[in-house]
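What follows is a single structure, written as structure tokens, with notes after it.
Just so we're on the same page: letters track the sequence lines, and every chain starts at 1.
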2 protein chains.
Amino acid sequence: MQRDTQQRRAIRRAFLDAANPLTPDEVLSRAQGVMPSLGIATVYRNLKLLTDEGWLAPVELPGDSIRYEIAARPHHHHFVCRQCSQAFDVPGCPPGVERLAPRGFTVDSHELVLFGRCAACA
Amino acid sequence: MQRDTQQRRAIRRAFLDAANPLTPDEVLSRAQGVMPSLGIATVYRNLKLLTDEGWLAPVELPGDSIRYEIAARPHHHHFVCRQCSQAFDVPGCPPGVERLAPRGFTVDSHELVLFGRCAACA
DNA sequence: ATATGTGCAAACTCTTTGCATGGAG
DNA sequence: CTCCATGCAAAGAGTTTGCACATAT
């Protein structure tokens, strides 16, 4: 069974407070605000655990480490700022995306990433 | 100035012969067919160099190492097979993709990745 | 002849794992 | 009191860099 440790609670809190997908490092520094002794290995272990559990979903955006976000969010995509390299959520999805696949290929999911400058870095 | 070494020629050949974007490792093993003494460090150095030159373009598909492809190709996207983890080119692009960005954000490029089973792994 | 390019090995970064200790139940 | 979870440090994977030697020009 799963224990409700301070570390795990701090990590979950980090995601609940975040508006964007977070890298392991971002999770570490945010969660250390509450739990300063937290180590990076624990972060990785919990990211894996919370993902297996279905609470987190991996967001594999190019360029950086893998990020994670709370799984129970509606379908959306991401914008990555080339300046500050933060990831932002983008609502919506272009229709008909799955139909681009070549004949004989089966699409089970897709990821769309926009690159550019975020409002703060513009 | 740039020297036309056997190694560099073997690396360029690997891309000219490939139909898909290649990871550094894939480049190494293909180019070693022609140049067996080729080392991975040389591959990395040349990938960087050919990219800076504009001959290659990085394709940062999630999940794996970064891949590269010849830059002078028409705009297209990619399909990644979850079984064999190869990347395939997908012609076409859904219209209006750039308009998904939030107000105040500037889009300079985008990447669309489809995931699933390729024809061979289906 | 000269300076760029290469191969090797060491350094680095990111992630995972082993092991003794700590804390939730 | 038990066992799962944590922290630390070491081990792995992928990538980059320093240095002496090779080679394209």
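In this structure B/R13 satisfies the side-chain contact (heavy atoms from CB on, under 4.5 Å) test together with B/D17, sequence neighbours excluded. Listed by chain and number, the residues in a side-chain contact (heavy atoms from CB on, under 4.5 Å) with A/T51 are A/L56, A/P58, A/Y68 (sequence neighbours excluded).
Atom CG in A/N46 sits about 8 Å away from atom C1' in D/dA5, given to the nearest Å. Between A/D52 atom CG and D/dC4 atom P there is a gap of 17 Å when expressed in whole angstrom units. Remark: C1' of C/dT6 and CD1 of B/I11 are 10 Å apart, rounded to the nearest angstrom. C/dT4 atom P lies 17 Å from atom CG of B/L50, rounded to whole Å.
The hydrophobic cluster of A/L49 has no other members, since no ILVMFWY side-chain heavy atom comes under 4.5 Å of it.
An OP1 or OP2 oxygen of C/dG5 is reached within less than 4.0 angstrom by no side-chain nitrogen or oxygen of B/T42. Taking side-chain N and O atoms only, A/S37 has no distance below 4.0 Å to OP1 or OP2 of D/dT6.
Remark: A/F79 CZ to A/D89 CG distance equals 12.5 Å, nearest 0.5 Å. The structure places CD of B/E98 at 7.5 Å from CG of A/L114, a figure rounded to the nearest 0.5 Å.
Within the 4.0 angstrom heavy-atom criterion, no nucleotide atom of any strand lies near A/I40.
Taking the side chain as every heavy atom from C-beta outward, A/T5 and A/R8 approach each other to under 4.5 Å. Taking 4.5 Å as the limit, some side-chain heavy atom of B/L22 sits within range of a side-chain heavy atom of B/R30. Contact check for B/H110 versus B/H77: side-chain heavy atoms found under the 4.5 Å cut-off.
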Begin from the C-alpha positions of B/R67 and B/E60 and carry the test salt bridge (Lys or Arg N to Asp or Glu O under 4.0 Å) through to its verdict. CA-CA 6 Å; B/R67 291 164 193 269; B/E60 306 174 18; over 6 Å; no
Where do B/S109 and A/R82 land on the side-chain hydrogen bond (donor to acceptor under 3.5 Å, both in side chains) test, with the steps shown first? CA-CA 10 Å; B/S109 69; A/R82 292 199 189 276; 2.6 Å; yes
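Checked against a 6.0 Å centroid threshold, the rings of A/F88 and B/F105 count as neighbours.
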Polar-atom pairs under 3.5 Å, protein N or O versus N or O of nucleotides 21-25 of chain D: list them with distances, or write none.
{"unit_1": "D/dT23", "atom_1": "O2", "unit_2": "B/R3", "atom_2": "NH1", "d": "3.4"}
{"unit_1": "D/dA24", "atom_1": "N3", "unit_2": "B/R3", "atom_2": "NH1", "d": "3.2"}
{"unit_1": "D/dT25", "atom_1": "OP1", "unit_2": "B/D4", "atom_2": "N", "d": "3.2"}

Between the protein and nucleotides 17-20 of chain D, which nitrogen or oxygen pairs come in under 3.5 angstrom?
{"unit_1": "D/dG18", "atom_1": "O6", "unit_2": "B/R45", "atom_2": "NH1", "d": "3.3"}

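Of the residues in residues 25-36 of chain B, not one comes within less than 4.0 Å of DNA chain D through any heavy atom.
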